[in-house]
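One structure is given here, and the rest of the page talks about it.
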Amino acid sequence: MNGLKACSVINKYKKCPECGSDYKGDNLKVEIKDEVIEISCSCGFAKYVDENNEVSLVRAIEKMNEGEITPNRVRIMVGLRPIE
């Protein structure tokens with residue numbers, strides 16, 4: 001993964017888009033695993049993107065199958081409305 005591109009993506013998530021938490025309070029976390037940037041927050045927000053800030057569907061579905069995120073959360077990540 002290109003380090004400059006990864007930093008560029010991470011800088012877009014300085015604050016959680018759902019609750020406004022930042023890295024200082026340890027609520028917002030970023031991890032880079034297997035060419036995927038995982039951004040998560042204690043409020044439940046999660047996003048799995050590549051170095052081009054495109055959603056990694058494979059990683060999102062893996063996390064859903066593991067029970068870490070809900071199917072609606074995956075829908076929101078890819079820009080779809082949640083199922084009510």
Side-chain angles (χ1 to χ4, degrees):
M1 177 175 290
N2 182 315
L4 292 175
K5 284 186 175 182
C7 287
S8 175
V9 171
I10 292 168
N11 281 333
K12 293 178 182 178
Y13 297 96
K14 289 182 180 179
K15 290 192 173 196
C16 174
E18 291 188 8
C19 73
S21 292
D22 58 17
Y23 298 111
K24 292 179 186 175
D26 290 336
N27 292 329
L28 192 61
K29 296 183 184 206
V30 173
E31 294 181 50
I32 299 175
K33 296 180 181 175
D34 302 326
E35 302 294 316
V36 174
I37 302 167
E38 298 183 8
I39 301 125
S40 61
C41 183
S42 60
C43 75
F45 170 78
K47 195 157 190 179
Y48 309 99
V49 296
D50 64 12
E51 65 184 16
N52 297 316
N53 201 23
E54 296 174 358
V55 173
S56 172
L57 289 176
V58 172
R59 182 59 59 98
I61 290 170
E62 284 174 2
K63 294 291 184 177
M64 181 184 71
N65 290 338
E66 293 169 3
E68 292 187 33
I69 59 175
T70 64
N72 272 339
R73 179 62 58 189
V74 175
R75 289 179 62 82
I76 291 167
M77 273 188 227
V78 297
L80 300 173
R81 292 186 358 214
I83 298 172
E84 296 182 19

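Model, not experiment: these values are computed from the prediction.
- Closest approach of Leu28 and Cys41 over heavy atoms only: CD1-CB, 3.8 Å.
- Listed by first then second residue, pairs satisfying salt bridge (charged side-chain N to carboxylate O under 4.0 Å, His left out) with a partner in residues 48-60 read Asp34-Arg59, Glu38-Arg59, Arg59-Glu62, not counting sequence neighbours.
- Remark: Ser42 pairs with Asn27 by the side-chain hydrogen bond (donor to acceptor under 3.5 Å, both in side chains) rule, at least two apart or across chains.
- Counting heavy atoms from C-beta on, the side chains of Ile39 and Phe45 come closer than 4.5 Å.
- Hydrophobic clustering (ILVMFWY, side-chain heavy atoms < 4.5 Å, transitive): Met64 and Tyr48 are in one cluster.
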With side-chain contact (heavy atoms from CB on, under 4.5 Å) as the test, would you mind laying out the steps for Tyr23 and Ile10 before giving the verdict?
CA-CA 11 Å; Tyr23 298 111; Ile10 292 168; 3.8 Å; yes
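- With contacts defined as side-chain heavy-atom distances shorter than 4.5 Å, the pair Ile69/Met77 qualifies.
- Take Asp22 and apply the side-chain contact (heavy atoms from CB on, under 4.5 Å) test, not counting sequence neighbours, and it matches Lys15, Lys24.
- Scanning for side-chain contact (heavy atoms from CB on, under 4.5 Å) contacts around Lys29 gives Ser40, with sequence neighbours left out.
- Inter-residue side-chain proximity for Ser21 and Cys43 is flagged as unmet; no heavy-atom pair is nearer than 4.5 Å.
- Residues satisfying the side-chain hydrogen bond (donor to acceptor under 3.5 Å, both in side chains) test with Lys33, not counting sequence neighbours, are Glu31.
- Checked against side-chain contact (heavy atoms from CB on, under 4.5 Å), Leu57 has the following partners two or more places apart in sequence or in another chain: Val55, Val78.
- Legend: side chain to side chain donor-acceptor pair (under 3.5 Å) pairs involving residues 71-82, not counting sequence neighbours, sorted by first then second residue: Glu18-Arg73.
- The two residues Val36 and Ser56 come nearest to each other via the heavy atoms CG2-OG, 3.8 Å.
- Residues Val58 and Leu80 do not share a hydrophobic cluster, defined by chaining ILVMFWY side chains whose heavy atoms lie under 4.5 Å apart.
- In this structure Val9 satisfies the side-chain contact (heavy atoms from CB on, under 4.5 Å) test together with Tyr13, Ile37, Val49, Asn53, sequence neighbours excluded.
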